[in-house]
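Keep in mind that this is a model prediction, so the values were computed, not measured. FYI, side chains are in, hydrogens and waters are out, and symmetry mates aren't considered; it's all heavy atoms of this structure.
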Amino acid sequence: MVARQRVLPLELSQRSVGGWPADFHRWNTGLKIREVMINVSRQQVEDFHGPEDYWCLCVAWSHLGTSKSRKATVRIAYLRKNFEQDPQGTEVPLNGMIVLHCRPPEGVPVAEVEWLKNEEPLSFDDDGVNDSRGDHNLIISEARLSDSGNYTCVASNIVAKRRSATATVVVYVNGGWSSWTDWSPCNVRCGRGVQKRSRTCTNPAPLNGGAFCEGMSVQKSTCNTVCPVDGSWGEWSEWSLCSSECERQRSRECTAPEPKHGGRLCDGVALATDNCTGGLCTQNRKLLHDAKPQGVESSSDVALYSGLAAGVVTVVLLIVAVTLYRRSQSEYGVDVIDSSALTGGFQSFSFKTSRQANPLLINSSLQPDLTVSRTYTSPMCFQDSIDKELMAERSLLDPLPDLKVKGATERAEYHVMSHPQTFPRGLAPDYRGVAVGTTLGRRGKNLFAPQVSLTPSWPLHKATAVFGHAGGRLMVPNTGISLLVPHGGIAEDTTWEMYMSINQEDSSAVSEDGPEIFLSAAVMYGPPGLDLSCPIAMTIAHCAEVAADNWTIRLKRHIQDNKWEEVMSVDEESTSCYCLLEAQRCHVLLEHPGRYALVGEPLNQEAAKRLRLAVFGSPDTSNSLGFTLRVYCVDDTPHAFQEVAVGERSRGGRLLEEPKIMLFRGNTFSLQVSIQDVPQLLWSIKPFTTCQEFSFSQVWASNQRPLQCAFSLERYSHSSSQLSCKISIRQVTGEEQILQVYTSVVENEKGPVPFFTQSDCTITSQTGSRAFKIPLSIRQRISATFDTANANGKDWQLLAQKLHIDRNLCYFACQESPSSVILSLWEAQHQDSGDLDSLASALEEIGKVQSPRSATLPCSKEERDSEFTKLG
């Protein structure tokens with residue numbers, strides 16, 4: 001008898017638990033077989049034997065004997081919930097190795113492990129994907145971008161299936177530099193400049209959080225461009241002998257100098273031919289008087305000389321007649337409107353504006369371009385121009401006094417020769433012996449008594465010069481401040497020592513409780529007793545954004561006890577003074593010396609002032625590895641920025657990026673300055689200084705005083721000689737500007753960088769005709785023409801309209817010579833450009849006007865003086 005066991009969790013003897021025997025015969029042997037089946041639950045096993053393993057066997061017996069089966073070991077199957085080791089997320093570079101560890105939970109039978117990628121079974125047939133079956137780790141030998149994803153380890157047996165925590169794998173790409181571009185052309189046409197080359201972080205570009213390229217994206221290098229030399233003609237050779245053709249020749253060569261380096265060839269002809277007989281050459285190449293009989297010779301000579309004498313007399317009489325006729329028939333006495341007057345005084349000029357290169361940023365060594373006309377390179381920087389001699393004959397210009405004028409705080413000398421009789425009576429022809437502060441007048445007498453000086457307690461800039469009847473211009477270099485004294489404003493045989501100074505003012509002194517702020521520096525001119533017959537023109541730079549009507553701008557005058565009184569609003573009519581407001585400066589016509597300033601009251605939060613932003617750098621003197629970046633935020637006026645430049649020059653700082661302009665609005669939000677993109681592997685920055693902040697009131701009421709913040713950096717080794725970073729300057733909820741810094745911090749790699757090359761002006765004054773764009777003869781003719789109204793209405797009002805001076809005309813009506821004052825204002829407007837074409841065009845347009853103008857603007861000097869007196 002054979003017993004077959006299928007499910008037997010308990011040891012059995014003669015009875016069964018829940019089963020019945022079944023008999024059958026084996027088909028091939030006929031052996032009788034009894035099969036016993038028994039079903040046992042897990043609970044029954046645990047109740048009888050507990051959780052431990054056990055074994056059982058089957059026993060069969062008969063009258064022939066007893067038989068036992070083999071032992072059957074029975075265990076309880078299970079699978080625990082927690083993995084012994086979950087796979088961990090990782091970031092690996094492209095082509096790197098990915099290793100994810102997985103130790104499944106304990107179980108019986110031992111769990112089988114599979115991997116899921118993004119919830120899809122992972123195939124191990126792919127190249128580079130391996131599964132270490134012994135420890136269930138997932139290994140990818142060369143990571144690809146497609147291997148990025150979420151990986152899960154799944155363990156399962158007959159009991160359950162468990163999932164591990166998801167591991168995120170990121171395959172990133174570190175950025176790589178592209179090849180350098182070719183060096184750019186030198187940024188200057190002539191002399192020393194800068195050239196650049198660049199590269200991009202695109203080989204490959206950073207991906208999936210890969211590191212940005214280390215190093216500099218831009219390299220700068222100094223370059224020297226050979227200056228082109230334009231050719232010039234040498235001297236003419238001697239005339240050749242008269243040839244058989246009755247001609248003589250001479251030649252010249254383009255060798256003084258020869259054109260080099262792309263310079264222009266000489267203009268004109270190299271060979272000149274002339275008739276050496278005065279045109280008296282016959283067909284047979286003999287002179288005409290040689291071919292005539294002797295009797296004809298004497299009679300022809302008499303007729304020739306008689307005809308020449310009669311012609312000369314006729315021409316002279318014709319010229320005199322035409323001149324007398326023009327004087328008697330001219331409507332204006334002197335006709336300056338037609339083209340003949342313009343050709344008499346105005347010549348064709350081409351004033352070209354120089355490229356706005358920043359002399360602080362590079363060491364400019366540009367050679368002058370002699371092929372172009374006179375170039376004015378910066379505001380209030382006058383050159384000793386000889387071009388004025390071309391605009392009018394020398395006899396039309398007044399002689400200038402022989403002066404040597406020297407500013408009190410600026411190095412400037414200006415010499416002009418003149419005739420001795422132009423000195424005031426009683427004044428020796430040498431001004432160098434006059435003490436500073438002495439004012440010489442008619443017959444050597446002082447024009448005003450000594451009094452308390454109005455010089456401020458801390459003047460920063462001052463210019464002084466002596467002016468006479470010819471007038472002139474006084475300027476504080478590199479500040480945007482100038483003063484124009486018109487010709488004839490000072491009486492003849494009288495001189496005044498005039499001064500002009502710039503002062504720092506406390507903005508709280510503008511208004512005790514109002515929102516007004518200073519928009520310009522406070523400028524004082526004098527002396528206090530100055531007596532002029534016509535107003536002076538003062539030019540003041542300001543920082544207001546006047547494109548939109550968001551400001552009320554006023555001109556104020558300083559009085560006693562540190563208080564300011566309003567002179568006028570620039571938008572209102574006044575007969576005491578005149579203000580012409582431009583985008584970056586204001587031209588003011590004044591008659592009373594004193595201290596003046598432009599103040600502004602914002603009308604809304606959109607009112608903005610311009611800030612000039614600059615970053616300077618210098619090595620840290622106390623640390624050989626240190627380098628300091630200083631960021632300045634100043635009002636956008638030349639005077640304010642020069643304060644920064646002078647300070648940086650004294651400490652050896654270098655301008656690292658072109659200054660930029662930013663609009664700072666009156667919305668009460670602060671200004672933040674932060675440093676970004678510092679190479680962390682090469683440089684460290686002082687903690688808690690990466691972002692600094694200025695309050696709104698500090699910036700809004702800075703009043704020309706520079707705001708500065710500093711960033712202290714330290715390199716890890718001396719081999720790090722380059723510094724590249726960004727400076728972000730932004731107003732909260734406002735505009736932002738970025739200053740890109742790229743510089744060498746090694747001393748011997750720095751070239752000398754002067755602060756002002758072309759724009760560093762030291763001339764503080766010009767006197768006489770050289771100070772004016774309009775020649776004196778033309779100015780007098782224009783004034784004589786337009787000061788008196790005529791039948792066609794071509795008067796000073798029309799002149800003002802054509803010169804775009806179309807408001808507050810009552811002021812000019814109160815002047816003795818309105819046209820002269822209008823021209824003084826035009827001179828102040830065009831002191832930099834020297835654009836005489838606009839004036840010539842205006843006169844040409846006036847000549848075409850046909851309709852008369854009948855409006856009159858009555859005014860009296862007493863009325864004007866009383867208005868100014870009320871201000872006090």
Side-chain angles (χ1 to χ4, degrees), residues 177 180-181 183-184 186-188 192-201 212-224 357-365 612-633 641 644-645 647-660 673-686 689-690 692 706 708-729 737-757:
W177 288 114
W180 287 103
T181 62
W183 287 102
S184 66
C186 203
N187 66 339
V188 295
R192 183 176 180 181
V194 175
Q195 59 181 168
K196 302 178 182 178
R197 67 173 182 174
S198 61
R199 56 181 179 176
T200 57
C201 191
F212 195 80
C213 302
E214 292 286 343
M216 309 306 171
S217 62
V218 178
Q219 280 187 348
K220 298 180 181 179
S221 176
T222 58
C223 55
N224 287 281
N358 193 329
L360 299 181
L361 196 61
I362 61 174
N363 182 18
S364 175
S365 60
R612 185 177 300 188
L613 315 174
V615 55
F616 289 80
S618 62
D620 190 345
T621 56
S622 61
N623 182 2
S624 61
L625 296 175
F627 194 81
T628 303
L629 297 178
R630 291 177 295 277
V631 182
Y632 293 90
C633 306
F641 186 71
V644 174
E648 283 295 327
R649 184 178 351 203
S650 64
R651 66 173 61 182
R654 289 178 291 155
L655 184 64
L656 304 181
E657 170 67 323
E658 288 280 357
K660 294 187 177 181
V673 183
S674 60
I675 185 170
Q676 303 171 359
D677 297 346
V678 177
Q680 299 180 358
L681 299 179
L682 304 176
W683 290 84
S684 65
I685 186 170
K686 187 176 181 180
T689 61
T690 55
Q692 304 180 38
Q708 172 193 346
C709 65
F711 299 98
S712 298
L713 296 94
E714 183 176 353
R715 47 184 171 155
Y716 290 116
S717 67
H718 288 281
S719 60
S720 301
S721 61
Q722 303 292 326
L723 172 61
S724 174
C725 64
K726 295 179 181 178
I727 303 294
S728 169
I729 306 172
Q737 286 286 6
I738 299 294
L739 299 176
Q740 179 69 53
V741 175
Y742 174 85
T743 185
S744 171
V745 299
V746 180
E747 289 289 341
N748 56 13
E749 292 185 8
K750 299 187 305 181
V753 182
F755 279 98
F756 295 101
T757 53

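Scanning all heavy atoms of the two residues, the minimum distance from Arg651 to Tyr632 falls at NH1-OH, 4.1 Å. Looking at every heavy atom in both residues, Val741 comes nearest to Ile727 through CG2-CG1, 4.1 Å. The heavy-atom pair separating Glu214 from Pro679 by the smallest distance is OE1-CB, 3.9 Å. Ser744 and Arg654 make their closest contact through O-NH2, 2.9 Å (heavy atoms, listed as atom of the first residue, atom of the second, distance). Across all non-hydrogen atoms, the minimal contact from Pro659 to Arg612 is CB-CG, 3.9 Å. Nearest heavy-atom pair across Lys220 and Tyr742 is N-CE2, 3.7 Å.
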Candidate pair Gln708 and Val631, rule side-chain contact (heavy atoms from CB on, under 4.5 Å), full reasoning = CA-CA 6 Å; Gln708 172 193 346; Val631 182; over 6 Å; no
Could you check Gln676 against Ser674 for side-chain contact (heavy atoms from CB on, under 4.5 Å), going step by step and ending with a plain yes or no?
-> CA-CA 7 Å; Gln676 303 171 359; Ser674 60; 3.6 Å; yes
Can Gln740 and Ser724 be said to form a side-chain contact (heavy atoms from CB on, under 4.5 Å), step by step?
-> CA-CA 8 Å; Gln740 179 69 53; Ser724 174; 3.8 Å; yes
Where do His718 and Ser624 land on the side-chain contact (heavy atoms from CB on, under 4.5 Å) test, with the steps shown first?
-> CA-CA 8 Å; His718 288 281; Ser624 61; 3.6 Å; yes
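Residue Glu714 holds its CD atom at 4.5 Å from CG of Asn623, rounded to the nearest 0.5 Å. From Arg192, atom CZ reaches atom OG1 of Thr222 across 5.0 Å, with rounding to the nearest 0.5 Å. Expressed to the nearest 0.5 Å, how far OG of Ser618 lies from CG of Leu629 amounts to 8.5 Å. Expressed to the nearest 0.5 Å, how far CD1 of Ile685 lies from CZ of Phe627 amounts to 13.0 Å. Residue Leu613 holds its CG atom at 11.0 Å from CD of Glu657, rounded to the nearest 0.5 Å. The structure places CZ of Arg197 at 4.5 Å from CD of Gln219, a figure rounded to the nearest 0.5 Å.
In this structure a side-chain-to-backbone donor-acceptor pair under 3.5 Å is missing from Arg649 to Gly652. Between the Gln692 side chain and the Ala710 main chain, a donor and an acceptor come within less than 3.5 Å of each other. Without hydrogens or angle criteria, Thr743 side chain to Leu656 main chain gives no donor-acceptor distance under 3.5 Å. In this structure a side-chain-to-backbone donor-acceptor pair under 3.5 Å is missing from Arg715 to Val745.
Of the residues Val673, Thr628, Thr690, the one that meets the side chain to side chain contact (heavy atoms under 4.5 Å, CB included) test with Phe711 is Val673. The only member of Leu682, Ile675, Asp620 that meets side chain to side chain contact (heavy atoms under 4.5 Å, CB included) when paired with Leu713 is Ile675.
Put simply, the side chain of Ile729 reaches to within 4.5 Å of the side chain of Cys633, judged on heavy atoms.
With respect to Arg630 and Glu648, a salt bridge is recorded, a charged nitrogen being found less than 4.0 Å from a carboxylate O.
When the shell of 6.0 Å around NZ of Lys686 is examined, it contains 12 or fewer heavy atoms from other residues, nucleotides or ligands.
Using bins of under 30°, 30° to 60° and over 60° for the plane-to-plane angle, the ring pair Trp177/Phe212 lands in the perpendicular bin.
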